[in-house]
Peer 1: 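Supplied in structure tokens, the structure appears directly below.
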Amino acid sequence: MLARLTPAMGRVKRLRLPVPNGPYVNFVTALRVDLARRARDDARMLIYKIFRADEWAALQAAGETDGAPIDVTDGYIHFSGSDTVARTAELYFKDEEGLVLLAVEADGLDSLKWEASRGGALFPHLYRKLRLSDVKWHKPLPIVDGVHQFPEFE
């Protein structure tokens, strides 16, 4: 790594980083590429909402919803991450048929806050109506041998 410092201020004037099996790149260029990659990866982060068939139908018909009854009571729409959604189904939707799993991109979703549950796990909560346009995809959650079958997560 090559760096040149200005004598008076000690600031980096030029910094070049080696690229494995390639040429040197400017530090600013490398930083921009890294930030763009991180933004792209963050944009792909999906959060999940489980709806009963009638709740999903109501969202489709109205184009927006305050969520399930528990969401209305709590004042925000509960979501889960890919690491917690199966447990959510087990705890709150055991043996319920006709469920629909919605995927929503977290990045850029205004009024979304990650908050700790009683157990300390972080869950996304949406403090506004869920719009049909927020939904990236939806898939059924069939039950096989008493367990909801989840699709592959992206």
Side-chain angles (χ1 to χ4, degrees), residues 1 11-12 15 17-22 25-154:
M1 180 184 326
R11 285 195 258 160
V12 174
L15 181 63
L17 303 172
V19 175
N21 301 322
V25 294
N26 180 292
F27 175 74
V28 173
T29 301
L31 181 60
R32 284 182 184 150
V33 168
D34 183 58
L35 290 174
R37 180 190 54 77
R38 288 181 190 199
R40 182 193 69 226
D41 291 346
D42 288 346
R44 292 184 186 155
M45 181 179 186
L46 297 178
I47 55 176
Y48 302 93
K49 178 68 180 165
I50 299 172
F51 269 148
R52 293 169 185 90
D54 61 329
E55 296 161 347
W56 170 235
L59 172 58
Q60 290 177 298
E64 63 181 23
T65 182
D66 288 319
I70 188 69
D71 300 323
V72 174
T73 300
D74 289 347
Y76 55 84
I77 299 177
H78 295 263
F79 281 87
S80 298
S82 61
D83 59 334
T84 58
V85 71
R87 182 76 174 136
T88 297
E90 181 183 327
L91 288 173
Y92 301 105
F93 299 95
K94 186 142 181 82
D95 300 324
E96 282 196 51
E97 299 275 352
L99 298 178
V100 179
L101 180 67
L102 310 181
V104 173
E105 287 186 7
D107 185 55
L109 195 60
D110 59 296
S111 303
L112 182 73
K113 295 180 183 178
W114 289 81
E115 298 173 313
S117 68
R118 286 181 290 271
L122 291 178
F123 284 87
H125 297 148
L126 183 62
Y127 285 86
R128 67 159 171 81
K129 291 180 183 282
L130 175 64
R131 299 178 195 117
L132 189 57
S133 60
D134 295 328
V135 178
K136 181 173 180 177
W137 55 256
H138 66 280
K139 297 179 182 178
L141 278 181
I143 295 178
V144 176
D145 297 325
V147 178
H148 288 100
Q149 302 300 302
F150 285 83
E152 289 290 323
F153 294 117
E154 294 179 13

Peer 1: Do L101 and H138 have side chains that approach each other closer than 4.5 Å (heavy atoms only, starting at C-beta)?
Peer 2: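 No, too far: nothing below the 4.5 Å cut-off.
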Peer 1: To check you understand the geometry: which heavy-atom pair defines the closest contact between L122 and A116, and what is its length?
Peer 2: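 Closest heavy-atom pair between L122 and A116: CD2-N, 3.6 Å.
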Peer 1: For atom OH of Y127, is the number of surrounding heavy atoms from other residues, nucleotides or ligands below 6.0 Å larger than 12?
Peer 2: yes
Peer 1: Would you say L130 and V104 make side-chain contact, with heavy atoms under 4.5 Å?
Peer 2: yes
Peer 1: Restricting to pairs with a member in residues 67-78, which pass side-chain hydrogen bond (donor to acceptor under 3.5 Å, both in side chains), not counting sequence neighbours?
Peer 2: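 Of all non-adjacent pairs touching residues 67-78, those that pass side-chain hydrogen bond (donor to acceptor under 3.5 Å, both in side chains) are K49-D71, D74-H78.
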Peer 1: Less than 4.5 Å apart, side chain to side chain, heavy atoms only: is that true for E97 and I143?
Peer 2: yes
Peer 1: Looking only at heavy atoms, which two atoms of V72 and G67 are closest? And how far apart?
Peer 2: CG2-O, 4.2 Å
Peer 1: Write down the atom of H148, the atom of L99, and the distance for their closest heavy-atom approach.
Peer 2: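 Answer, listing the atom of H148 first, then L99: NE2-CD1, 3.2 Å.
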Peer 1: As an exercise, state the distance from CG of D107 to CG of L46, rounded to the nearest 0.5 Å.
Peer 2: 11.0 Å
Peer 1: Any side-chain heavy atom of I50 within less than 4.5 Å of one from Y92?
Peer 2: no
Peer 1: Indicate yes or no: at least one non-hydrogen side-chain atom of T88 is less than 4.5 angstrom from one of F123.
Peer 2: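 They are in side-chain contact.
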Peer 1: Roughly how far, to the nearest 0.5 Å, is the CE atom of M45 from the CG atom of L109?
Peer 2: 11.5 Å
Peer 1: Return the minimal non-hydrogen interatomic distance between A68 and F51, and the atom names on each side.
Peer 2: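 The answer is N-CE2, 3.8 Å.
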Peer 1: By the definition salt bridge (charged side-chain N to carboxylate O under 4.0 Å, His left out), identify the one residue from R128, R131, K129 that meets it with D66.
Peer 2: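 Option passing the salt bridge (charged side-chain N to carboxylate O under 4.0 Å, His left out) with D66: K129.
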Peer 1: If every non-hydrogen atom of W137 is compared with every non-hydrogen atom of P151, which pair is closest and at what distance?
Peer 2: CH2-CG, 4.0 Å
Peer 1: Yes or no on side-chain contact (heavy atoms from CB on, under 4.5 Å) for I47 and L112, after CA distance, side-chain angles and deciding distance?
Peer 2: CA-CA 11 Å; I47 55 176; L112 182 73; 3.9 Å; yes
Peer 1: To the nearest 0.5 Å, tell me how far K136 NZ sits from Y48 OH.
Peer 2: 8.5 Å
Peer 1: For A89 and F150, work out which heavy atoms get closest and say how close.
Peer 2: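 Heavy atoms only, the tightest pair is CB-CZ, 3.7 Å.
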Peer 1: If you define the side chain from C-beta out and look only at heavy atoms, does anything of I77 sit under 4.5 Å from P124?
Peer 2: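 Contact flag for I77/P124 side chains = no.
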